[in-house]
Amino acid sequence: LRRVAVTGMGVVSPVGTGKSSFFDALLSGKSGISPVDIPHHERLKVRVAGQIKDFVPDVEKKRLGQLDRFSQFALAAAREAWSEAGISEFNAESSGVYFGTSIGGAGTLEAGYANLFQKNINRVHPLSVVAAMPNAAAANIALDYGLTGPCLTYSVACASSSVAIGEACRAIQCGAITIALAGGAEALLTFGVMKSWEALMALAPGDAEHPETSCRPFAHDRTGLVLGEGAGALVLEDMEHAKKRGARIVAEVAGYGLSNDAMHLSRPEASGQIRAICAALADAAKYGISPVDVAYINAHGTATTAGDKTETEAIKAAFGTAAAGIPVSSTKALHAHMMGAAGAVEFIAAIMAMNQATAPPTMHLWKPDPECDLDYVPLVPRVLHQPRAVMSNSFAFGGTNAVLIARHC
Amino acid sequence: MNSVLTELQEMMRQTFSFSAEQVRPENKLKNLDIDSLSIIEFIYDLELKFDVSLAERRDQLETIGDIARIISLAMTEKDASA
């Protein structure tokens with residue numbers, strides 16, 4: 001049985017770039033949600049988002065035309081992860097990229113359409129195709145590090161990067177590859193995409209007085225999700241390979257569970273979520289982790305009325321009476337819903353919670369919902385006592401449920 | 001023509017960090033070691049700057065002098081048709 005080590009992690013998020021500032025912000029309750037600043041924002045009804053406003057791409061200027069914002073995020077997160085992993089010599093052919101995104105280069109597409117349909121300019125940027133393609137982020141990562149094995153992109157809405165990480169682990173476990181740069185990236189804060197989400201009526205309208213508190217997972221007064229953007233990346237490595245080269249092992253990926261509701265395109269379904277959680281727990285059992293070892297759950301917790309209630313039900317069903325004793329939090333209250341990047345970033349948050357023995361709180365949870373009755377770590381961080389394992393949930397439109405478990409090393 | 005050439009040379013020096021020697025009119029694009037995607041992007045930048053369309057004359061854009069000449073020609077044609 002091959003095991004999977006995490007040897008590097010990188011984050012670009014609305015609450016900070018770099019995993020340390022990211023996690024510090026989660027612990028201190030610093031929100032990355034603010035009034036959105038994009039062209040035509042005055043025509044939006046929903047004007048808050050987890051927008052990254054201070055991001056400076058660290059690539060050669062002449063390459064920028066090839067890189068949509070989502071790829072720029074991906075490269076920055078990958079760089080942090082790869083640098084932490086400290087891999088100098090490796091077999092390129094057995095190294096791959098497993099990345100997720102829900103839309104890909106939304107900004108590039110929209111700029112092209114604006115030229116054609118709005119500005120009456122009869123041409124688009126000549127690199128629109130290669131910048132907008134959903135596999136652009138993965139391809140650019142493979143280019144930067146010379147990874148010549150599989151280079152795959154998973155588009156599974158909100159579960160994209162959890163699936164990417166899980167599938168990378170399976171590829172390592174079956175011996176197909178030795179190293180993977182896995183994660184996800186999203187940059188969908190464009191007028192058109194925000195209008196589409198607005199039309200779906202799933203977004204929180206935004207708190208006028210305190211926009212930073214607009215996302216309130218599990219709260220009685222929650223009003224929906226807040227869109228975000230960013231990227232998360234992990235270096236995953238065959239455990240033996242990592243140990244042999246003397247790498248610092250950050251954690252072990254010890255469980256992956258996957259299911260589809262096959263019930264409804266967008267409505268969350270507890271039975272599907274339960275199957276994914278139980279599949280992840282069964283997978284973790286092979287690596288010596290039992291349900292009682294799960295010391296913290298980073299919830300999907302998008303702050304929609306149905307979603308938070310359903311997830312609560314699923315956690316209770318999967319863990320039974322033990323569920324009440326597990327700290328569960330949704331960090332989306334602060335970094336918003338980063339869609340294709342959410343799974344990776346939240347898995348990283350869970351791993352950091354484990355390694356620092358402190359669970360980040362669910363912020364803005366002043367008024368609990370009686371129907372959401374687990375321990376959501378409201379408002380203040382929680383010290384965890386020698387955590388052995390943590391879980392991260394991602395439940396997507398399209399019905400896909402993906403659950404990851406990490407073990408302390 | 002000469003002002004177009006001068007502007008073109010200046011743009012190439014800025015975009016690709018070329019020396020004055022590298023942007024001589026007789027130099028061929030293919031010998032300048034520019035990435036194929038970057039050339040496409042640069043031609044697009046030229047189209048925007050000079051407000052002309054060069055795509056249909058791509059096969060005539062061999063030297064830097066050619067590019068300047070084709071841009072000037074396209075500008076003249078546009079003025080004539082306006």
Side-chain angles (χ1 to χ4, degrees), chain A residues 39 56-72 74-75 97 104-148 151 153 185 187, chain B residues 4 7-23 27-62 64 66-68 70-75 77-82:
Chain A
V56 183
D58 183 21
V59 291
E60 279 182 290
K61 196 171 154 237
K62 66 177 182 190
R63 192 179 169 196
L64 274 178
Q66 305 174 19
L67 297 172
D68 183 270
R69 188 169 165 88
F70 93 109
S71 294
Q72 296 173 19
L75 287 181
V97 184
T108 299
L109 282 181
E110 207 158 303
Y113 293 147
N115 274 8
L116 298 175
F117 304 132
Q118 182 200 9
K119 299 177 188 164
N120 215 22
I121 300 171
N122 204 26
R123 55 189 149 199
V124 300
H125 191 281
L127 304 188
S128 296
V129 171
V130 291
M133 60 189 191
N135 61 325
N140 276 289
I141 291 171
L143 265 176
D144 273 14
Y145 301 102
L147 312 179
T148 61
C151 181
T153 298
Chain B
V4 170
E7 282 194 68
L8 168 64
Q9 288 171 319
E10 182 53 32
M11 278 175 78
M12 293 190 81
R13 294 180 63 167
Q14 291 210 349
T15 308
F16 304 112
S17 309
F18 282 157
S19 64
E21 185 64 25
Q22 284 173 298
V23 296
N27 288 352
K28 290 184 178 175
L29 275 187
K30 67 175 180 189
N31 296 336
L32 283 170
D33 193 28
I34 311 176
D35 174 79
S36 60
L37 290 180
S38 301
I39 289 185
I40 296 170
E41 203 177 6
F42 184 64
I43 291 173
Y44 176 72
D45 289 343
L46 292 175
E47 290 185 325
L48 291 185
K49 173 153 178 85
F50 295 102
D51 193 21
V52 292
S53 178
L54 303 173
E56 59 272 24
R57 295 181 169 111
R58 257 161 66 173
D59 53 348
Q60 298 173 45
L61 307 176
E62 200 181 344
I64 292 174
D66 288 342
I67 301 177
I70 298 293
I71 292 174
S72 301
L73 188 67
M75 288 168 77
E77 283 175 6
K78 202 181 65 179
D79 288 345
S81 66

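All values derive from a computational prediction rather than experimental measurement. Order of the sequence lines sets the chain letters (A, B, ...), proteins ahead of strands, with each chain counted from 1. Because only heavy atoms are used, hydrogens play no part in the values below, and waters and symmetry mates are left out as well, while side chains stay in.
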A quick test of your reading: do over 12 heavy atoms of other residues, nucleotides or ligands sit less than 6.0 Å from NZ of B:Lys78? yes
When rounded to the nearest 0.5 Å, the distance separating CD of B:Glu47 from CD1 of A:Ile121 is 12.0 Å
| Side chain proximity check, B:Thr15 to A:Lys61, heavy atoms < 4.5 angstrom | no
Counting heavy-atom pairs under 4.5 angstrom with chain B, the leader among A:His125, A:Lys62, A:Arg63 is A:His125
When every non-hydrogen atom of B:Tyr44 is compared with those of A:Val124, the smallest separation belongs to CE1-O, 3.3 Å
Assert top hit (heavy-atom pairs under 4.5 Å, partner chain A, pool B:Leu37, B:Asp45, B:Ile43) equals B:Leu37
Worksheet item: Take atom CG in B:Asn31; do more than 12 heavy atoms of anything else shown fall under 6.0 Å from it?
Response: yes
Between A:Gln66 and B:Asp35 the two heavy atoms that sit nearest each other are NE2-OD2, 4.0 Å
Over 12 non-hydrogen atoms of neighbours within 6.0 angstrom of CG in B:Asp79:
yes
| query | When you look at CD of B:Glu56, are more than 12 heavy atoms from neighbouring residues, nucleotides or ligands closer to it than 6.0 Å? | reply | yes
For B:Asp51 and A:Arg123, the nearest pair of non-hydrogen atoms, with its separation, is OD1-NH2, 4.1 Å
- Flag if over 12 foreign heavy atoms under 6.0 Å of OH, A:Tyr113: no
